[in-house]
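What follows is a single structure, written as structure tokens, with notes after it.
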Protein chains: 8
Amino acid sequence: MRFHGFVAGAPGAGGPTPPRPHNPLYATALGPPVKVTVLVGSRSDLELAEKVRVRLTEFDVPCEVHVASAHRTPEKVERLVRDPSTDVFVAMAGLSAALPGVVAARTLKPVVGVPLHRGLGLDSLLSVVQMPPGIPVASVGLDASENAALLAVEILALAHPELIAKLERYRAKWREEPAPTAPAPP
Amino acid sequence: MRFHGFVAGAPGAGGPTPPRPHNPLYATALGPPVKVTVLVGSRSDLELAEKVRVRLTEFDVPCEVHVASAHRTPEKVERLVRDPSTDVFVAMAGLSAALPGVVAARTLKPVVGVPLHRGLGLDSLLSVVQMPPGIPVASVGLDASENAALLAVEILALAHPELIAKLERYRAKWREEPAPTAPAPP
Amino acid sequence: MRFHGFVAGAPGAGGPTPPRPHNPLYATALGPPVKVTVLVGSRSDLELAEKVRVRLTEFDVPCEVHVASAHRTPEKVERLVRDPSTDVFVAMAGLSAALPGVVAARTLKPVVGVPLHRGLGLDSLLSVVQMPPGIPVASVGLDASENAALLAVEILALAHPELIAKLERYRAKWREEPAPTAPAPP
Amino acid sequence: MRFHGFVAGAPGAGGPTPPRPHNPLYATALGPPVKVTVLVGSRSDLELAEKVRVRLTEFDVPCEVHVASAHRTPEKVERLVRDPSTDVFVAMAGLSAALPGVVAARTLKPVVGVPLHRGLGLDSLLSVVQMPPGIPVASVGLDASENAALLAVEILALAHPELIAKLERYRAKWREEPAPTAPAPP
Amino acid sequence: MRFHGFVAGAPGAGGPTPPRPHNPLYATALGPPVKVTVLVGSRSDLELAEKVRVRLTEFDVPCEVHVASAHRTPEKVERLVRDPSTDVFVAMAGLSAALPGVVAARTLKPVVGVPLHRGLGLDSLLSVVQMPPGIPVASVGLDASENAALLAVEILALAHPELIAKLERYRAKWREEPAPTAPAPP
Amino acid sequence: MRFHGFVAGAPGAGGPTPPRPHNPLYATALGPPVKVTVLVGSRSDLELAEKVRVRLTEFDVPCEVHVASAHRTPEKVERLVRDPSTDVFVAMAGLSAALPGVVAARTLKPVVGVPLHRGLGLDSLLSVVQMPPGIPVASVGLDASENAALLAVEILALAHPELIAKLERYRAKWREEPAPTAPAPP
Amino acid sequence: MRFHGFVAGAPGAGGPTPPRPHNPLYATALGPPVKVTVLVGSRSDLELAEKVRVRLTEFDVPCEVHVASAHRTPEKVERLVRDPSTDVFVAMAGLSAALPGVVAARTLKPVVGVPLHRGLGLDSLLSVVQMPPGIPVASVGLDASENAALLAVEILALAHPELIAKLERYRAKWREEPAPTAPAPP
Amino acid sequence: MRFHGFVAGAPGAGGPTPPRPHNPLYATALGPPVKVTVLVGSRSDLELAEKVRVRLTEFDVPCEVHVASAHRTPEKVERLVRDPSTDVFVAMAGLSAALPGVVAARTLKPVVGVPLHRGLGLDSLLSVVQMPPGIPVASVGLDASENAALLAVEILALAHPELIAKLERYRAKWREEPAPTAPAPP
């Protein structure tokens, strides 16, 4: 049985919250991560979302990318947020970037926010990171698709230890990048 | 019959959108403004919301103030947005101020956004004003409760001409403020 | 009879304000919107103003675009502001963007301000949005011509309900934009 | 005969511009400076305006301070700008500080702009300094009443050389301020 | 057996990385969360760190708070990072806030970064959030101790489902906060 | 006899300040403006300086442009500042733009500062405009060569009334720029 | 014989630069550091300068503090810069902080710049750090008197190795500051 | 014997600090500078690091450039910092630029920090310059490779007086750059 994590609506919106069974065997049932769901506010931002998916795929973490906007398609956002097979959400948006916060307000699962550098840069960055108390968003940097994917894997690795070795391999390789020393002086 | 202006949800969320009667007599039915609804994200910001209400009351414009948060109580926000007796919304929030945009995404009525100066100031200002295309928010300045009320009245006056004289009286009085000249040099 | 909304000058400037008839039948007389007037500070910014006009035309809202500058041609601004057939003003300017405020100081009709991204971006944005109390400007985002047009239509729709169905069609279409989901992983 | 410097209005606003006599003896007629006019946007900012006046008085430069707002009382601003006995204008305003630009658009005399630190600071500073080409404003720093007065005197001194010695005395005294050296180490 | 997650040093720094056993029963061994370790750069910032601990304690999540600085006590930071009983790190720092990044560079476990508002605010915020690719930090807002604690709990809940009900109770209570509506107009 | 306006050095730097004759006929001696001296900090910024010169030449105001840097060639700056035939200085610099302030500290004549947009834009703008009290700089906007020239002419016109008609012709022409109205809707 | 490091003036300003003897024994002559000279732009900033002096005194590094302003007393600045007994300069200033750059332009010795947080903070910080190429200033943070003193000592220690042990003691003590761990949970 | 300057680790991290001999002849042993070590966080930033090396080579100061990242290869950074033959470090990084601070935390030798303009510019600038008290970094401007090299030479010149003449020649040449005066008016 999986953690649905969806925040049930107000009493009048969809009936009372059903009782959630406290299954002591829950942890045992933890298998490989089911899915990271990436939401991106606009079709024109799909390229960066794809980078998240490609990187997650390299970690064998399934990933779905959806164009869904807090402003345009709140119902689609809500439907995606209710998906029980998602473990971690990544939400990417530019300008007044409400998407990460709107996702976070509707789930209790971790939400990684990626501010996109569209207008001033500072606009989306501050919109994503300066969330009011009660609704945490895990913000990474401007256009930081790579770090969004890695953060999702690190979070998943707590429950899915088979990811640990993959993270270690990634980082070992990553550490090798800055090897070169500049040529000797002429 | 009044303009409900609510943006119906996705097919699965609440049934199909009911057909909206195109009543040619609509305009004739325009009476005095029904209501301005002020939404403020946090109880601690009620004071500025009250200033909006007080000013609107002076214009004989009914006004309700609700603490409702895009993040905390999205259902309450949605319920308030569906209220057919509201003509104009005023949404006030600090930090990553998603409330005005969330309201604007769910209505076709004018939404006035008031960024509140809580964290850096620039955070809420940019969050309110830098909305993506398709969801207009009418932003006023930081903590600008006075201008939010006046803008709402100006918007209402297009349909409710009895407000015009009141606006003129307000402005005439307002124009008198800066009358004094500094005392003559010693 | 239409709402002229022009703010008459100080007593000594042009004679006493003429009495304004309070016509109880005003509301009944509301016909289709007469006009949105777009003022843009410089000839080089006409392209964005044109986008406002094109969008408004799609809503069958008449729109005039004028190059008129708060600094260069204050008299032209003033003459345009006095035009009784305008319902909503849209004022666009870059750098120290005084135009929206100057228009708002001379009318009681709604003024939508559009800061243009010319110098630092923050300069025009702050100039438009941080208006002093008493002179509301409805600011949209940097270069946000689309939202300026939509906000004008939303404001007009309060008095001109035939615009409601058009707004609903616009938004329904707009909501469809972000439909695509990224291709499945390889 | 003095330089009126007022920018005549559009043809319909006040009749044709009267011919300006080109008096070859103009320079000879230069007497002591007639006046610096300080305009401040709000009654609450009078204190800083008073500092300008006090400093100018110490230079024996007559100075008038008026509360006049580009937004509130444009006619008062216009009337003050037409005053032929003013040589230099000082315009002070906070937030979206349109006053210096509005004055500069209506005169050909030098206009010193003083951004006041009210909201974010950057708002008024950028509003005053980032003027579009064609309308120069001589901006000083945030709340810089002292420098506004000195700049006005320096400008006047070109035509009124009796001010030179006073400026030299001021600066000589001002240079003495930072004399002290910190006490010797214990 | 727990996930140590420590990034072993360069070959010459401490010997070769020991082989990490791939225990297929790892998931079964998941018990209650062991610990969240909060690192705060300076003694003067302990108050905000305490708030994180208090909130975590309410979720029955053990939490240790240490004053440890990336600049002052890098060895202490390193020692704390190697602690196998920590599941999630929270790193808080002001000014040029290097601590979260330094922690993240030495572990593969999730690191929550909290920029503290000390100098300009923007300094620590940008230092925490703008991490280079490869080292993800989950940034929350300025001084956002509450959201740091909640984000840690949400992350832990993926592996420790007994936290889910507690998160739901927290959010249910949190949602009740903005209930009051302003008093009716006088 | 002309106003030298140079601030004499410290006693040991160049001998005592010579007595300045107080010639009551000074004003009578005012002829056409002698010169505006433009100082630009770097050879790469000469293009903008040239624009100042070209515009001044159109006003028949002699203008010299010099590459002289507050940091590189302080002696050259000092020598140019002592030039008695200069009426107004224009100082242009980017980055940490000390040149306008250094000029202003060595003369009592008006100094127009032009921040150049090289690094962040805000750097030179704040460096030029935020002068400490006692040393006024008349700042114009980023790269605002046009306004620098106009401000210099306005200042000169106080003493050289033959410039007034030229300023009026300039502004009349300038006012005509924004004449066009966008084409009628299709 | 000590390194004077003064940048001789332009040929015409004070005669030709005297030949500088290249003494091969220079290094041998290195004794204890002679002096750090702290220049602070305004009397009101003496307190922070005093902190630099107190800290340097604890390192047995002689230190003189002078109020000397790039704008007010350039001759005093120049005289202090010529002082051959100074090894390192510390220059502190707020607003448009030209002092560090002016000192650096007149010496070849290291100049530590300390931006003071007076106006916006960003103004002095950018003025100090964004120096044009050719004139290096070693900027520390806003109001960072402690780091200014330490940086001066580190620089001096290259030539005065007796300072090394003192730096090590300072840092050892400094490293002990963040020892405490928060009390155990209740 | 040279100043190693490496900050020994905490007691438990690598054994007790070895006793440092206090050799009274240290100063006598000062020979030509051994080396400036430039650390750059990413391979893509090598070009600017090369500029530092080229300039230092012109001063006959040996220079090594290494790609070493505070986040990626902390052990490499640590190894380079322990190199006793380095006199001054130059650390260059973009975004959240932790490298200069991490180097400074591990040495007592002077560290020059160069913020690289990658994301917003302000991010790396604030990260480098706003160091907490106790860890001085000598920040130069954005991408200021030239000034980083010069500052290193100025620092070295205190102990290596043969550099003084080279600095004087550099500056003399540098002073000649801004010689040209703009062509005479047409």
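In what follows, chains are A, B, ... by sequence order, proteins preceding strands, each numbered from 1.
To the nearest 0.5 Å, atom CG of residue C/Asp123 and atom CD of residue D/Gln130 are 4.5 Å apart. Annotation: the span from D/Leu120 atom CG to C/Leu122 atom CG amounts to 9.0 Å, rounded to 0.5 Å.
Interface summary for chain D: among C/Ala70, C/Gly101, C/Gly134, the most heavy-atom pairs under 4.5 angstrom belong to C/Gly101. Most heavy-atom pairs under 4.5 Å with chain C, from the set D/Ala93, D/Gly94, D/Ser96, D/Pro132: that is D/Ser96.
For the pair C/Ala98 and D/Ala98, the tightest heavy-atom approach, listed with the atom from each and the gap, is CB-CB, 4.1 Å. The heavy-atom pair separating C/Leu95 from D/Pro133 by the smallest distance is CD1-CD, 4.4 Å.
Neither the backbone nor the side chain of D/Leu125 comes within contact range of chain C, judged by heavy atoms closer than 4.5 Å.
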